[in-house]
Amino acid sequence: EPEVTQTPSHQVTQMGQEVILRCVPISNHLYFYWYRQILGQKVEFLVSFYNNEISEKSEIFDDQFSVERPDGSNFTLKIRSTKLEDSAMYFCATGGGGGANTEAFFGQGTRLTVV
Amino acid sequence: GQNIDQPTEMTATEGAIVQINCTYQTSGFNGLFWYQQHAGEAPTFLSYNVLDGLEEKGRFSSFLSRSKGYSYLLLKELQMKDSASYLCAVTRDDKIIFGKGTRLHILP
């Protein structure tokens with residue numbers, strides 16, 4: 001069964017460092033999302049990406065965040081200068097193989113710890 | 001903006017039936033997802049409702065009333081493995097917005 005793959009599964013970084021989280025979407029999917037979940041809290045929308053550009057982003061997704069599909073396959077989330085409060089589980093989700101928002105499948109997540 | 005409400009916690013007994021409600025207020029509503037999330041894991045897709053009515057999928061059913069801004073997830077023949085959080089999420093435009101989730105505890 002096709003699945004969304006995220007790497008790394010865990011990342012520990014020092015405050016102020018840049019991190020790149022990677023996602024390999026399901027192959028025929030057209031819509032890509034990043035979410036984060038702080039421990040014990042709800043899943044929060046960060047950004048959606050369609051047709052090689054950002055289609056929606058939340059207030060959380062400020063200038064420190066960026067997304068791209070560098071090789072038409074991987075979908076990456078970059079945090080330029082990490083803060084302690086960026087510590088969370090980051091989930092990539094992809095969907096839209098049968099049209100926008102008909103299904104969205106999540107990767108297993110990257111646990112980011114900023115120290 | 002959008003507002004999604006669901007109970008924080010519920011408890012039910014193995015073998016019983018439980019209904020988890022979700023109410024929402026959002027402009028530009030497209031449809032509503034239910035996801036299951038076990039602790040420390042990713043959400044997994046359960047259902048997606050666009051039209052009014054009930055959709056059944058095995059032990060799980062999901063209902064939507066667009067006019068009332070209301071959905072529920074019905075779980076039958078509860079099993080211990082159903083202990084998890086259940087996330088209601090609405091879609092508008094190109095984003096999916098999640099509620100805070102309902103943590104379901106199953107008692108033997």
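Remember, predicted model here, so these are calculated numbers, not experimental data. So you know, we letter chains A, B, ... as the sequences are listed, proteins then strands, and number each from 1.
- Crowding of E59(A) atom CD: a count of heavy atoms from other residues, nucleotides or ligands under 6.0 Å not exceeding 12.
- The local environment of CG in D63(A) is sparse, with at most 12 non-hydrogen atoms from other residues, nucleotides or ligands closer than 6.0 Å.
- The environment of CD in E9(B) is crowded: more than 12 heavy-atom neighbours from other residues, nucleotides or ligands sit within 6.0 Å.
- Q37(B) is listed as a side-chain neighbour of V43(A), based on a closest heavy-atom distance under 4.5 Å.
- Nearest heavy atoms, Y33(A) versus K95(B): CE2-CA, 4.3 Å.
- Atom CG of L39(A) is surrounded by 12 or fewer heavy atoms from other residues, nucleotides or ligands within 6.0 Å.
- L46(A) is not connected to I4(B) by any chain of hydrophobic side-chain contacts under 4.5 Å among Ile, Leu, Val, Met, Phe, Trp and Tyr, and they are in different clusters.
- We find the OG-CD distance between S85(B) and Q37(A) to be 8.0 Å, quoted to the nearest 0.5 Å.
- The backbone N or O of A104(A) sits less than 3.5 Å from a side-chain atom of Y35(B), completing a donor-acceptor pair.
- More than 12 non-hydrogen atoms from other residues, nucleotides or ligands lie less than 6.0 angstrom from CD of Q79(B).
- Summarising the geometry of G107(A) relative to A42(B), their closest heavy-atom pair is O-CB, 2.9 Å, with the distance given to 0.1 Å.
- For the residue pair G40(B) and M89(A), the shortest heavy atom distance occurs at O-CE, 4.1 Å.
- Distance check: S48(A) OG to I96(B) CD1 gives 9.0 Å after rounding to the nearest 0.5 Å.
- Less than 6.0 angstrom separates the ring centroid of F98(B) from the ring centroid of Y35(A).
- By the neighbour-count criterion of 12 heavy atoms within 6.0 Å, atom CZ of R69(A) is densely surrounded, having more than that number from other residues, nucleotides or ligands.
- Contact annotation for E44(A): neither backbone nor side-chain heavy atoms come within less than 4.5 Å of a heavy atom of chain B.
- Side-chain contact between F106(A) and T44(B) is absent, with no heavy-atom pair separated by less than 4.5 Å.
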